[in-house]
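Chain identifiers are assigned alphabetically (A, B, ...) following the order of the sequence lines, protein sequences preceding nucleic acid strands; residue numbering begins at 1 within each chain.
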Protein chains: 4
Amino acid sequence: MKRKAELKRQQIIKAAYQAVSDKGYESVTLQDIADYADVSKGVPNYYFQNKEDVLAHLLAQITDRIYEKEKLAVERETTSANMLLAYLNTVFVGPKENEKFYRVYLDFLAQATKNKRYREINERFYQNCSSISKVILEQGKKEGAFRTIDNEEAGRTIRAMIDGYMIQWMMTGDHMQHSAYRAACYRSVLSYIQN
Amino acid sequence: MKRKAELKRQQIIKAAYQAVSDKGYESVTLQDIADYADVSKGVPNYYFQNKEDVLAHLLAQITDRIYEKEKLAVERETTSANMLLAYLNTVFVGPKENEKFYRVYLDFLAQATKNKRYREINERFYQNCSSISKVILEQGKKEGAFRTIDNEEAGRTIRAMIDGYMIQWMMTGDHMQHSAYRAACYRSVLSYIQN
Amino acid sequence: MKRKAELKRQQIIKAAYQAVSDKGYESVTLQDIADYADVSKGVPNYYFQNKEDVLAHLLAQITDRIYEKEKLAVERETTSANMLLAYLNTVFVGPKENEKFYRVYLDFLAQATKNKRYREINERFYQNCSSISKVILEQGKKEGAFRTIDNEEAGRTIRAMIDGYMIQWMMTGDHMQHSAYRAACYRSVLSYIQN
Amino acid sequence: MKRKAELKRQQIIKAAYQAVSDKGYESVTLQDIADYADVSKGVPNYYFQNKEDVLAHLLAQITDRIYEKEKLAVERETTSANMLLAYLNTVFVGPKENEKFYRVYLDFLAQATKNKRYREINERFYQNCSSISKVILEQGKKEGAFRTIDNEEAGRTIRAMIDGYMIQWMMTGDHMQHSAYRAACYRSVLSYIQN
DNA sequence: TATGAATGAGCCTTCATTCAT
DNA sequence: AATGAATGAAGGCTCATTCAT
């Protein structure tokens, strides 16, 4: 049955997520992934072409899931202020989740400089993030809360602030400072887009 | 003689820079580094404790050098506007240099999430970047060109924008767009710090 | 029902023949064989003890079939000259078939040096070939066309010439030269057995 | 020093010869070869590009050495009869050596059907064997001992007889019959080339 | 000071075989 | 009777590190 195979693939990707987060993109072995998934060594190779294939699916999945969550969170709000808050609260969801994701995401960004497939997956993520920003910005302009601004460029700037702040937070290695970085990022975005 | 040894270490670090930029942090081998340095295989191990030691010295050196250049460029200017321009022009020095540096730097950031030594080296880099931002911001406030703003936080925000924009540029894989990203980053920083 | 099982075994052996010819004795996998037979992966293991068992049956079958054909061809003729011609024309049946067979047969000969079962199967093939030669030689002697000669030894010599020439033809890798090698082999055999 | 490296390569090739003879071309592992050479696992890969490279050098070496020996043996004789005897005595040097060589050689012939590099090495061997036959045949014709015959074709026929007989002897698996097969091969060649 | 031969751990991958369904 | 998921052993290869020279 197809369904069962899909479940297995999910199980392996989930295990790979944890494994890469713990050990790093290049350090992680297929044995690690198999161990985390509680399956035997050959299984990841049975469900995926090779190691890179596992990891590419992992990248695609986590970026997609993050986008879905962010989109949902923003759609629930009506005012631009709440939308932005919801967006950043979803991005900065919590120290544990953020650490896990950004450990993996940073690894992928580093790899992406030499790997076209990863760049393409990331490109889609960027597009999705941009579409979220656009919704917020349009609403803000409609309300007169935000200054006139190019959606494209503002989307990039917001993305830059988020990634930049998140990296800086990661480099502190301190979970306690998570909320402070979230707040600072929020203030900075607001300063940037407000009139 | 100490001097000669130091020269050799420099030679190896320089070779490592090129090697890591070409092959990536995890893919690079000591053999690669030795080849780029035109020395025999045992030399890197002779002058450094091990592979990681070579790479840590590399990270420390390139971040230091970048800071020196940026500092110098900003010090040459007198107005906040020119200072900021000089800063960003030095950061976005050119597609070739930026690609080389950010390939390596991204690799290090990815590693740093699991390597304290790298985090510490990066922390010093952050401090240095912050000190540059501070000089510019103070001057801008003195001129009344910038709004009242927390230096610490603004420094982080500027750093975030720089890294964030640079990563996005890297992901395009397109050297031609370098100046467009530099300009966008400049506009964004300005929007953020101006009143 | 027994009959159905036998058909399935035939199907698998036939597929194995093509598979081994294409991929080589050691490179071929049970998955390959299953694919060529258009059955699922477990089937070869279901109808045969293991991989070697499949291949041993394959060797037995192809050598038997070749013998049958050669025997039939020779029996159709009445003069020793025609018999020999018929024999060699059947052996050198054509570049495509010969390549397919000798690829597999050479693999088996190579294996046979370490595998008794294969040696035994080949021994039977040798006996059969010898019996064909014997028929031709006896007829030739009766006609006074061939010199007095030990059937046993002449049979071996003819077999040696056939295999030897076929190997040399295989090593040319050139289908076009097939008929030249057949002619040369024929001339050589004739020179050897004629007075 | 270059000399030492060459000795090491010889040591590995020699070990590979024994290993392939014992285990077979495809079954043999680099670990086997390392073990036979009494070196560590990585050494064969240090001195050769990969496994195939080791084996190709092995094939080239053993065929070259055999040719040298045969050539030398034939050159020592003056009459065509003695030359032929010397040739075949050198070819059928003894059961132990012949078994070792033909186990490996048969493996290579089997591989050669799919491997161009092996075919080329074997082609050179064929050329060399042909040149030996030519010397003998010319001498025989000069003496009037052999019939008029095409050197090229006769060379192929002799090679075919040698390989064919040797294979048949190998298939007996019986060292005792070695001299009988040698004698039979000699008689057959003689019958073929004599008037 | 420098070399590069040698080591051996560890990785990815393949694949025969088993077995629950 | 047949499937194909799962296992795990084994192989080729890479490479950091060591060490005799």
Spacing between D53(D) atom CG and dG12(F) atom P, to the nearest angstrom: 14 Å

Between Q18(D) and K100(D): side-chain donor-acceptor atoms closer than 3.5 Å: yes

Interatomic distance where CG belongs to L55(D) and P belongs to dG11(F) [whole Å]: 14 Å

Interatomic distance, N50(D) CG vs dG11(F) P [rounded to whole Å]: 17 Å

Nucleotide dT1(E), atom C1' - distance to CD of Q11(B) in whole Å: 13 Å

Value rounded to 0.5 Å, distance of CD1 in I66(A) from CZ in F101(A): 4.0 Å

Side chain of V39(C) (C-beta onward), nearest among dT7(F), dA1(F), dT3(F): dT3(F)

Minimum-distance nucleotide (side-chain atoms of S40(A) versus dT7(F), dA6(E), dT3(F)): dT7(F)

Whole-Å gap separating C1' (dA6(E)) and CZ (R9(D)): 16 Å

L30(C) CG to F48(C) CZ distance, which is reported to the nearest 0.5 Å: 11.0 Å

Rounded distance (nearest 0.5 Å) linking atom CZ of R124(A) with atom CG of L59(A): 9.5 Å

K114(B) side, atom NZ; R119(B) side, atom CZ - distance, nearest 0.5 Å: 10.5 Å

Identified side-chain contact (heavy atoms from CB on, under 4.5 Å) counterpart of Q61(D) within the set Q10(D), R9(D), K14(D): Q10(D)

5'-most by nearest nucleotide on DNA chain F - Q31(B) or D38(C): D38(C)

Between F108(B) and Y105(B), ring centroids under 6.0 Å: no

Nucleotide of dC12(E), dC13(F), dA5(E) approaching K51(D) most closely (side-chain heavy atoms): dC13(F)

Between P of dC13(F) and CG of L30(D), the distance in whole Å: 6 Å

Strand DNA chain F in bracket notation, Watson-Crick/G-U under 3.5 Å with | for pairs to another chain: .||||||||||||||||||||

Donor-acceptor side-chain pairing of Y25(A) and Y25(B) below 3.5 angstrom: no

Between E26(B) and Q111(A): side-chain donor-acceptor atoms closer than 3.5 Å: no

Among dA1(F), dG4(F), dA6(E), the nucleotide that comes nearest once only the side chain of Y46(D) is considered: dA6(E)

Atom-to-atom span, CZ of F48(A) to C1' of dA6(F) - whole angstrom: 15 Å

Upstream residue (5' side of DNA chain F) when Q49(D) and K8(A) are each assigned their closest nucleotide: K8(A)

Pairwise 5' ranking along DNA chain E for V43(B) and E52(C), keeping only the more 5' one: V43(B)

Check ion pair D32(B)-K41(B) (N to O, under 4.0 angstrom): no

Residue from V20(D), V104(D), N115(D) passing side-chain contact (heavy atoms from CB on, under 4.5 Å) with L55(D): V20(D)

Please write out the pairs of protein N or O atoms and N or O atoms of nucleotides 19-21 of chain F separated by less than 3.5 Å, giving the distance to one decimal.
none

Which nucleotide in dC13(F), dA9(F), dA5(E) has an atom nearest any side-chain atom of K41(A): dA9(F)

Nucleic acid contacts - residues 18-29 of chain A versus DNA chain F, non-hydrogen atoms under 4.0 Å: none

Between C1' of dA6(E) and CD1 of I12(D), the distance in whole Å: 11 Å

Aromatic centroids of F125(D) and Y118(D) separated by under 6.0 Å: no

